**Q** 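The structure follows.
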4 protein chains.
Amino acid sequence: MTQTPRSVGRPRNAEHSELARQAALDLLQEQGYASISMEAVAERTGIAKQTLYRRWKHKRALILDAFAEQADKLPMLPTSVGPEEELQAFIRGTCRTLTGQCGRTNRALMAEALQSPEFLVEFRERHLTKRRRQLRGILERQRPGLEDQRLETLVDLILGPIWYRLLVQNAPLDEAFADVLAQQALATVAQT
Amino acid sequence: MTQTPRSVGRPRNAEHSELARQAALDLLQEQGYASISMEAVAERTGIAKQTLYRRWKHKRALILDAFAEQADKLPMLPTSVGPEEELQAFIRGTCRTLTGQCGRTNRALMAEALQSPEFLVEFRERHLTKRRRQLRGILERQRPGLEDQRLETLVDLILGPIWYRLLVQNAPLDEAFADVLAQQALATVAQT
Amino acid sequence: MTQTPRSVGRPRNAEHSELARQAALDLLQEQGYASISMEAVAERTGIAKQTLYRRWKHKRALILDAFAEQADKLPMLPTSVGPEEELQAFIRGTCRTLTGQCGRTNRALMAEALQSPEFLVEFRERHLTKRRRQLRGILERQRPGLEDQRLETLVDLILGPIWYRLLVQNAPLDEAFADVLAQQALATVAQT
Amino acid sequence: MTQTPRSVGRPRNAEHSELARQAALDLLQEQGYASISMEAVAERTGIAKQTLYRRWKHKRALILDAFAEQADKLPMLPTSVGPEEELQAFIRGTCRTLTGQCGRTNRALMAEALQSPEFLVEFRERHLTKRRRQLRGILERQRPGLEDQRLETLVDLILGPIWYRLLVQNAPLDEAFADVLAQQALATVAQT
DNA sequence: CTGTAAGCGAGACGGTACGTCAAGTCTTTAG
DNA sequence: CTAAAGACTTGACGTACCGTCTCGCTTACAG
């Protein structure tokens with residue numbers, strides 16, 4: 001284990017982390033991404049700025065953490081459906097999740113990520129990977145034995161249009177769209 | 001006509017706009033997006049800050065303008081190829097263009113756009129639309145009579161993976177990827 | 001002669017000078033000294049800034065001019081009173097004049113004058129001298145043959161308390177004060 | 001007591017206040033009043049602008065503070081002289097003090113004061129009052145039992161000519177002038 | 001039970017940039 | 001040559017956050 005729980009000195013107040021994360025998310029919802037500032041989080045929560053910086057190296061780190069924690073709470077998609085409908089279910093579920101607050105937060109995080117490569121990496125690892133891996137699993141089950149790179153590209157072909165609509169086009173991720181996408185995906189998988 | 005040549009008062013120094021735009025792009029390349037600031041542009045060009053603010057309401061406006069103007073200069077993709085290869089040529093060309101400086105600039109602009117909805121709208125209209133329309137034309141020629149919404153979705157399915165790799169995955173937009181994408185696109189179009 | 005009226009080219013619009021002066025005074029009254037700016041005068045009158053600068057070298061020059069012109073319109077004090085009461089009448093009159101708008105304007109001009117020695121000189125010459133000379137005349141008539149420097153000092157002794165109250169103490173220049181001052185002045189003159 | 005020493009948070013760096021005040025006075029001497037700017041003080045001292053604004057709300061506040069602190073250091077006039085000469089000594093001393101740098105600074109502060117009533121009030125309270133009270137004490141000792149208003153007017157009659165010469169006439173405050181003024185003052189006091 | 005090693009609130013601090021304002025000058029076209 | 005319009009340079013304004021740095025105080029485990 002890596003911890004060495006550091007039992008010397010006054011322990012950190014566990015509530016604080018949660019409070020700060022929540023404040024960051026609240027600010028995001030209420031007044032948009034630009035209004036998230038360490039200053040604002042500190043004021044809103046009553047936590048001293050220094051305390052924030054002790055726990056998160058950057059503003060970025062806090063924001064990422066706030067989001068990742070929230071996203072972890074999201075229910076995983078059911079995988080108990082039949083092998084055929086599994087893909088469609090995943091796509092529908094993803095679209096549904098990204099419609100609403102969660103989508104907006106993802107956009108905010110991407111804003112940050114586009115300004116800082118390290119943040120992007122961390123963002124992917126802490127958050128995006130999970131879903132991506134799930135999708136990969138679905139595809140593997142449908143077409144076993146596909147080589148790695150091919151699989152990754154397939155994943156991109158499916159997630160790409162969703163994120164494109166979310167980030168660039170700001171277009172609705174409705175069921176109709178999800179189904180067209182799913183249909184195309186199935187066809188592509190079949191042909192591979 | 002939209003001009004109304006406004007011949008009253010001292011005319012704006014035409015060089016300035018160009019200088020400022022160029023400085024913004026230079027800063028972007030040299031030190032990354034975060035280093036673009038009105039202050040820096042002013043100092044670098046010798047143009048007074050006030051003059052910059054007279055021409056562009058925000059830092060954002062300048063950045064957008066700088067990029068849009070540059071992008072307009074990019075050569076259009078050749079459309080003289082046969083109807084079949086046209087789509088592939090478009091996808092390959094787009095991927096090639098977005099590899100390198102142009103891609104980096106687009107990412108920077110998206111960073112801005114994700115923080116400001118109006119900016120996003122303007123970004124799309126001033127820059128993205130052109131290419132999007134071109135792709136739409138290609139698809140229309142291949143499958144005439146398709147209804148509007150269907151067509152738009154098709155466009156999303158093609159551009160989506162490209163932008164996803166550019167923005168989110170930061171993955172290479174190489175020829176292999178372009179060709180897989182093109183192949184899938186052709187199949188989808190055929191099935192429609 | 002100084003004229004050579006310069007009849008070539010478009011003649012100056014005579015109204016303008018008056019308009020600008022008036023605007024300056026209006027601004028002074030309405031929003032205080034700090035709000036007088038060439039910019040504001042130009043906007044308010046519709047006169048181009050350049051035109052203002054063509055007629056008055058500085059903002060200061062305009063302000064001074066505006067005030068001097070107004071002050072010239074003030075009625076001179078009656079000198080027809082008997083030699084004894086003449087001094088008292090002068091002091092009372094001066095106090096009365098400096099109570100109200102005129103006093104406020106004088107304070108504004110002094111604000112300017114304290115920042116620019118040349119302005120102070122001009123201010124004295126164009127405006128203050130007149131009254132000062134009048135007072136000097138009164139004193140001369142009462143004590144003929146006094147040497148110049150002595151006379152000047154006497155004038156300072158009389159005007160000093162008035163301006164001190166106006167500028168520094170911001171205290172009322174009421175009749176009671178005027179009369180104490182006059183009484184002291186008479187005594188001093190008598191003793192000289 | 002009024003202190004409440006405020007021991008919370010990082011204490012202010014005491015040197016800074018002194019440095020800033022000194023810089024303000026230096027600028028005043030070196031390049032005149034107009035050259036005093038927060039920007040210049042910040043640069044010259046190496047103190048961040050924000051720090052200056054944290055301590056002094058306005059440029060005016062800093063200037064006033066700078067001056068008041070300096071003026072407090074000026075030696076008080078000796079009051080040990082005989083009751084008769086006391087007044088003369090005070091007047092001579094005041095004139096001497098106001099000749100030179102101190103006078104120039106006072107003029108600069110009055111320039112500011114004439115543009116801002118609140119500043120004038122503060123200027124009087126923080127600086128002028130002290131000397132005024134001293135003079136009042138002298139007069140009271142010479143003519144005990146005089147009513148308040150009468151006393152105040154007497155003070156105006158004495159200080160008035162001095163400030164008039166300082167501010168308006170820009171005339172020398174030499175000993176000759178001081179003595180004429182003192183002589184008049186004594187006569188007036190005697191007659192009261 | 002007492003160091004000593006954190007954590008914590010408060011708030012000062014050096015920076016960097018923001019967007020605004022006014023002064024005084026310059027450059028057009030129109031009269 | 002004057003006027004209106006408005007661009008331009010210069011220099012300062014006051015504000016907002018960033019991330020860092022002290023203070024005085026408060027927990028906790030360790031000797």
Side-chain angles (χ1 to χ4, degrees), chain A residues 6-14 16 34-43 45-60, chain B residues 5-14 16 34-43 46-59, chain C residues 6-13 16 34-42 45-60, chain D residues 5-14 16 34-43 45-55 57-59:
Chain A
R6 288 286 94 246
S7 58
V8 183
R10 175 173 173 177
R12 293 186 170 178
N13 184 335
H16 284 168
S35 76
I36 310 180
S37 74
M38 291 304 247
E39 218 93 26
V41 170
E43 196 187 5
T45 56
I47 299 173
K49 242 169 36 149
Q50 182 61 56
T51 301
L52 298 179
Y53 279 104
R54 206 174 284 121
R55 302 195 185 186
W56 296 280
K57 191 140 202 289
H58 311 285
K59 174 177 146 179
R60 279 168 282 140
Chain B
R6 284 281 106 244
S7 58
V8 183
R10 174 174 175 176
R12 292 186 170 178
N13 185 335
H16 283 169
S35 77
I36 309 180
S37 75
M38 292 303 247
E39 216 93 26
V41 171
E43 195 187 8
I47 299 173
K49 233 168 42 150
Q50 180 66 63
T51 300
L52 297 179
Y53 279 104
R54 203 174 288 116
R55 300 196 186 186
W56 297 281
K57 190 138 204 296
H58 310 287
K59 176 176 142 177
Chain C
R6 273 324 58 253
S7 58
V8 183
R10 177 170 174 176
R12 291 190 168 179
N13 185 335
H16 283 169
S35 76
I36 309 180
S37 74
M38 293 303 249
E39 217 93 25
V41 170
T45 57
I47 300 172
K49 241 167 42 150
Q50 182 61 55
T51 302
L52 297 178
Y53 279 102
R54 206 173 285 122
R55 300 194 185 186
W56 296 279
K57 193 141 202 292
H58 312 286
K59 175 178 147 178
R60 281 169 280 138
Chain D
R6 277 300 92 244
S7 57
V8 182
R10 175 174 173 177
R12 293 185 170 179
N13 184 335
H16 284 168
S35 77
I36 309 180
S37 74
M38 292 304 246
E39 214 94 25
V41 170
E43 195 187 7
T45 56
I47 299 172
K49 235 168 40 149
Q50 183 64 63
T51 300
L52 297 179
Y53 279 105
R54 205 174 286 120
R55 301 196 185 185
K57 191 137 205 293
H58 310 285
K59 176 176 141 178

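Chain letters run A, B, ... following the sequence lines, proteins first and then strands; every chain starts at 1. In this text, all values refer to a predicted model and were calculated from it rather than measured experimentally.
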**Q** Under the rule for side chain to side chain contact (heavy atoms under 4.5 Å, CB included), what residues qualify as partners of A:Ala40, not counting sequence neighbours?
**A** A:Leu27, A:Ser37
**Q** Nucleotide by nucleotide, 5' to 3', does protein get under 4.0 Å of the base (B), only the sugar-phosphate (S), or neither (-) in nucleotides 14-19 of chain F, counting heavy atoms?
**A** BBBBBB
**Q** Please state how far atom CZ in B:Arg55 lies from atom C1' in F:dG6, giving the value in whole angstrom units.
**A** 12 Å
**Q** Enter the distance from B:Met38:CE to B:Leu52:CG here, rounded to the nearest 0.5 Å.
**A** 5.0 Å
**Q** Polar pairs (N or O, both sides) under 3.5 Å between protein and nucleotides 23-31 of chain F?
**A**
| unit_1 | atom_1 | unit_2 | atom_2 | d |
| --- | --- | --- | --- | --- |
| F:dT26 | O2 | A:Arg10 | NH1 | 2.9 |

**Q** Could you tell me which residues satisfy side chain to side chain donor-acceptor pair (under 3.5 Å) with D:Arg10, sequence neighbours excluded, listed by chain and number?
**A** none
**Q** With respect to the phosphate group of F:dT2, does any side-chain polar atom (N or O) of C:His16 fall under 4.0 Å of OP1 or OP2?
**A** no
**Q** Does C:Arg55 have any side chain to side chain donor-acceptor pair (under 3.5 Å) partners at least two apart in sequence or in another chain, and if so, which?
**A** C:Ser17
**Q** Taking salt bridge (charged side-chain N to carboxylate O under 4.0 Å, His left out) as the test, write out the residues that go with A:Lys49, two or more places apart.
**A** A:Glu39
**Q** With D:Glu43, which residues qualify under side chain to side chain contact (heavy atoms under 4.5 Å, CB included), at least two apart?
**A** none
**Q** The criterion is side chain to side chain donor-acceptor pair (under 3.5 Å); which residues satisfy it with B:Arg54, sequence neighbours excluded?
**A** none
**Q** Output yes when at least one side-chain N/O atom of A:Thr51 is less than 4.0 Å from OP1 or OP2 of E:dG7, else no.
**A** no
**Q** DNA chain F: B:Ala14 or D:Ser35, which has the more 5' nearest nucleotide?
**A** B:Ala14
**Q** For the pair made of CD in D:Glu43 and P in F:dG11, what is the distance, rounded to whole Å?
**A** 11 Å
**Q** List for me each residue that meets side chain to side chain contact (heavy atoms under 4.5 Å, CB included) alongside D:Ala48, sequence neighbours excluded, and say none if there are none.
**A** D:Thr51
